[in-house]
Student: 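Can you read through this structure? Questions will come right after.
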Amino acid sequence: MEYVSANPTGPLHAAHARGAIIGDSLANLLDICGYNVTREYYINDAGKQVEMLARSVFTRYKQALGDTSAEVLEGQYPGEYLKDTAAKLVETHGDTLLHMDEAEWLPLIRQFAIDDMMQSIKSDLERLNIHMDRFSSEHQLVTDGAVDAAMNTLTDKGLIYQGVLEKPKAGNADEWEPREQMLFRSTDFGDDVDRAVKKSDGSWTYFASDIAYHLDKLNRGSDTLINIWGADHGGYVKRMKSAVSAFTGNKDSLNIQLVQLVKLMDGGQQVKMSKRAGTFVTLSDVLDAVGRDILRFIMLTRRADQTMDFDYAEVTTQSRENPVFYVQYAHARASSVLRQDEVAQINMADADLGLLTDSNEMALIRQLASFPRQVEAAGQAFEPHRIAFYLMDLAASFHGLWNKGRDDASLRFITDDPKLTAARLKLVDATAVVIRNGFAILGVEAIKEM
RNA sequence: GGCUCCGUAGCUCAACUGGAUAGAGCAGCUGACUUCUAAUCAGCAGGUUGCAGGUUCGAAUCCUGCCGGAGUCGCCA
């Protein structure tokens, strides 16, 4: 399973969190369903974007060394965070890079900047409780010849040719002119048009290296590839599935889950993620403000194919009303019951569960019993959000039962009757166990006291 | 214009892959803390599931066409 895979040109921002959290929870879910899951991050560290990153850092580097004429140029990344990267660059290399030709400093700074960005990204993932099994490098696929090999394989299959594409239908394609280019015959596998694999400067397109990456995953023994992508990559699905089909002969070998975009808001106003101004809400900021559990739960309390407004002000100020607390409170309450002095005298192991006859108790038992089926269904549907909603329902039943005991003392968990108490404590314990297991899928912590 | 996704209570969202009277939270109203934790609970009110057809014993769910919103549309990743 591949998820996050944010470009290493800046820190993770708040919108990245959604795909990261949904992907990670889905990985947990499939893992618990019995699949052998490998979690991967694909680093897009080749091509123009990281070249521009290097140039941007070089500008900041010159500024850091007192060059007042150095300006962030059009197209460069203007974010303040690159000043930190530049400062580290000065620390490591002094002013030696100033005297190099671009051909010399660019690859050096590029790798330095990518490493720095990835360090920041990995740190944020760590805070999100996301642990990747593998980071795959696009750059390495290119230099290793894996891309050439993949293209040769496709060529042998007769799926690569030189051709000219038709003008796209989009209204703003004014500058279009026909060009002959190296194309992959993706229309053989259901795509709308064939797709370019080589740029006019002779280097591979992103699609070409992505093909090599997917072939690499297949070669490592995965029979099912799962990608979590932002909805803005939706137009890319057909060609990627086409490429994988070309290798496996099976169009279902690649499963792509699209996560709809997050609209960042702050107090009802949309936050413009301005490239020019370099302004955005970083994931780190959000985690500072609300913490991992709240963020993860928020991202999991709506379906992936539903767009979402993430209001920074609302989330940070109303954090007490966040539904994650509702479930955590149920777990804390259950834990509290099991902490009572009387409980030490009770032998839960031999509890006679036939003593649980109240309709509210029965309802809770049925819900607990349905947990494995809920997990299985959520796994089959690739919908981790169902676990979050299940837990909220479960917590509601437990809170309800708790308050029954408040109104009617005979329904309290701890009673004068040791046998009845044992049965009820077992129910309480089971509830806590299921909440913990559910939280484990969501990557949320179950706390014992609130 | 093509393709993908969405449209459910005033607001934010569910609905176990086509099942029974479409459910929660927030907002509003009425109640419950000397108690195993009130970050909780009980109740009231709130709906022609965007619109119109179709398939089916049965549709929020599947099909077609509209309306509205989001995304995307030749070598940026």
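Per chain, numbering begins at 1; letters A, B, ... match sequence-line order. Atoms considered below: every heavy atom in the structure, side chains included; atoms not considered: hydrogens, waters and symmetry mates. For clarity, every value in this text was computed on a predicted model and none was experimentally measured.
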Student: Using a 4.0 Å heavy-atom cut-off across all strands, classify A:Tyr326 as base, sugar-phosphate, or nothing.
Tutor: sugar-phosphate
Student: Without decimals, in angstroms, what is the distance between A:Glu180 CD and B:G74 P?
Tutor: 20 Å
Student: Quick one: A:Gln340 CD to B:C36 P, roughly how many Å, whole number?
Tutor: 7 Å
Student: If you measure from the C1' atom in B:A39 to the same atom in B:G18, how many Å do you get, rounded?
Tutor: 39 Å
Student: Students often mix this up, so state it plainly: with edges at 30° and 60°, are the rings of A:Phe413 and A:Phe398 parallel, tilted or perpendicular?
Tutor: parallel
Student: List the atom of A:Leu159, the atom of A:Asp188, and the distance in Å for their closest heavy-atom pair.
Tutor: CD2-OD2, 3.7 Å
Student: Base, sugar-phosphate alone, or nothing: which one does A:Gln328 contact when heavy atoms must sit under 4.0 Å apart?
Tutor: nothing
Student: Taking any heavy-atom pair under 4.0 Å as a contact, classify A:Lys48: base, sugar-phosphate, or nothing.
Tutor: sugar-phosphate
Student: So, do A:Phe184 and A:Phe247 have ring centers that fall under 6.0 Å from each other?
Tutor: no
Student: Side chain of A:Phe389 only, heavy atoms from C-beta on: which candidate in B:C13, B:C76, B:A32 is closest?
Tutor: B:C13
Student: Say you pick atom P in B:G50 and the same atom in B:A15; how far apart are they, in whole Å?
Tutor: 15 Å
Student: Write down the distance between CD (A:Glu342) and C1' (B:C36), rounded to a whole number of angstrom.
Tutor: 8 Å
Student: Taking atom CD as the centre, does A:Gln119 end up with more than 12 heavy-atom neighbours from other residues, nucleotides or ligands that are less than 6.0 angstrom away?
Tutor: no
Student: Does CG in A:Asp341 sit with more than 12 non-hydrogen atoms of other residues, nucleotides or ligands closer than 6.0 Å?
Tutor: no
Student: Write down the distance between CE (A:Met240) and P (B:C73), rounded to a whole number of angstrom.
Tutor: 17 Å
Student: Contact class for A:Arg424 vs. all strands (heavy atom < 4.0 Å): base, sugar-phosphate, or nothing?
Tutor: nothing
Student: Among B:A77, B:G74, B:C16, find the nucleotide with the atom closest to the side chain of A:Leu165.
Tutor: B:G74
Student: What's the gap between B:G23 and B:A60 when it is taken at their C1' atoms, as a whole Å value?
Tutor: 12 Å
Student: Under 4.0 Å, counting only non-hydrogen atoms across every strand here, what does A:Leu261 touch: a base, just sugar-phosphate, or nothing?
Tutor: sugar-phosphate
Student: Reckon A:Gly47 touches a base, only the sugar-phosphate, or nothing at all at heavy-atom distances under 4.0 Å?
Tutor: sugar-phosphate
Student: Could you check whether the rings of A:His233 and A:Trp229 sit parallel, tilted or perpendicular, using 30° and 60° as the cut-offs?
Tutor: tilted
Student: Is A:Ala332 touching bases, backbone alone, or none of the nucleic acid, heavy atoms closer than 4.0 Å?
Tutor: base
Student: Identify the two heavy atoms, one from A:Arg185 and one from A:Gly158, that lie closest to each other, and give their separation to 0.1 Å.
Tutor: NE-O, 3.4 Å
Student: P atom, B:G25 versus B:G58: distance in rounded Å?
Tutor: 34 Å
Student: Rounded to the nearest 0.5 Å, how far apart are NZ of A:Lys238 and NZ of A:Lys251?
Tutor: 12.0 Å
Student: Closest to the A:His385 side chain: B:A38, B:A14, B:A77?
Tutor: B:A14
Student: For the side chain of A:Arg386, starting at C-beta, report the closest nucleotide among B:C36, B:C41, B:U17.
Tutor: B:U17
Student: In whole Å, what is the span from the CD1 atom of A:Ile414 to the P atom of B:U37?
Tutor: 8 Å
Student: What is the distance, to the nearest angstrom, from the CG atom on A:Asp393 to the P atom on B:G23?
Tutor: 13 Å
Student: More than 12 non-hydrogen atoms from neighbouring residues, nucleotides or ligands closer than 6.0 Å to CD on A:Gln162, yes or no?
Tutor: yes
Student: Any idea which of B:U40, B:U37, B:C3 is nearest the A:Lys238 side chain?
Tutor: B:C3
Student: With a non-hydrogen cut-off below 4.0 angstrom, is A:Ala381 in contact with a base, only sugar-phosphate, or nothing?
Tutor: base
Student: Counting only heavy atoms not in A:Glu376, do more than 12 fall under 6.0 Å of its CD?
Tutor: no
Student: What parts of residues 25-35 of chain A reach RNA chain B, counting only heavy atoms under 4.0 Å away?
Tutor: none
Student: In terms of side-chain heavy atoms of A:Asp232, which of B:U72, B:U40, B:G74 is nearest?
Tutor: B:U72
Student: If I compare all heavy atoms of A:Leu53 with all of A:Pro8, which pair ends up nearest, and what's the gap?
Tutor: CD2-O, 3.4 Å
Student: In whole angstrom, what separates A:Asp407's CG from B:C33's C1'?
Tutor: 11 Å
Student: Under 4.0 Å between any heavy atoms, over every strand shown, what does A:Gln380 touch: base, sugar-phosphate, or nothing? Just pick one.
Tutor: base
Student: In residues 293-313 of chain A, what residues come within less than 4.0 Å of RNA chain B, judged by heavy atoms?
Tutor: A:Thr301, A:Arg302, A:Arg303, A:Asp305, A:Gln306, A:Thr307
Student: What's the closest nucleotide to the side chain of A:His399 if the choices are B:A77, B:G74, B:U40?
Tutor: B:U40
Student: Atom OH of A:Tyr206 and atom C1' of B:C73: how far apart are they, to the nearest Å?
Tutor: 18 Å
Student: In whole Å, what separates the C1' atom of B:U21 from that of B:G47?
Tutor: 13 Å
Student: Does B:U37 have OP1 or OP2 under 4.0 Å away from a side-chain N or O of A:Arg406?
Tutor: no
Student: Nearest to the side chain of A:Arg373, which nucleotide is it out of B:U37, B:C16, B:A77?
Tutor: B:C16
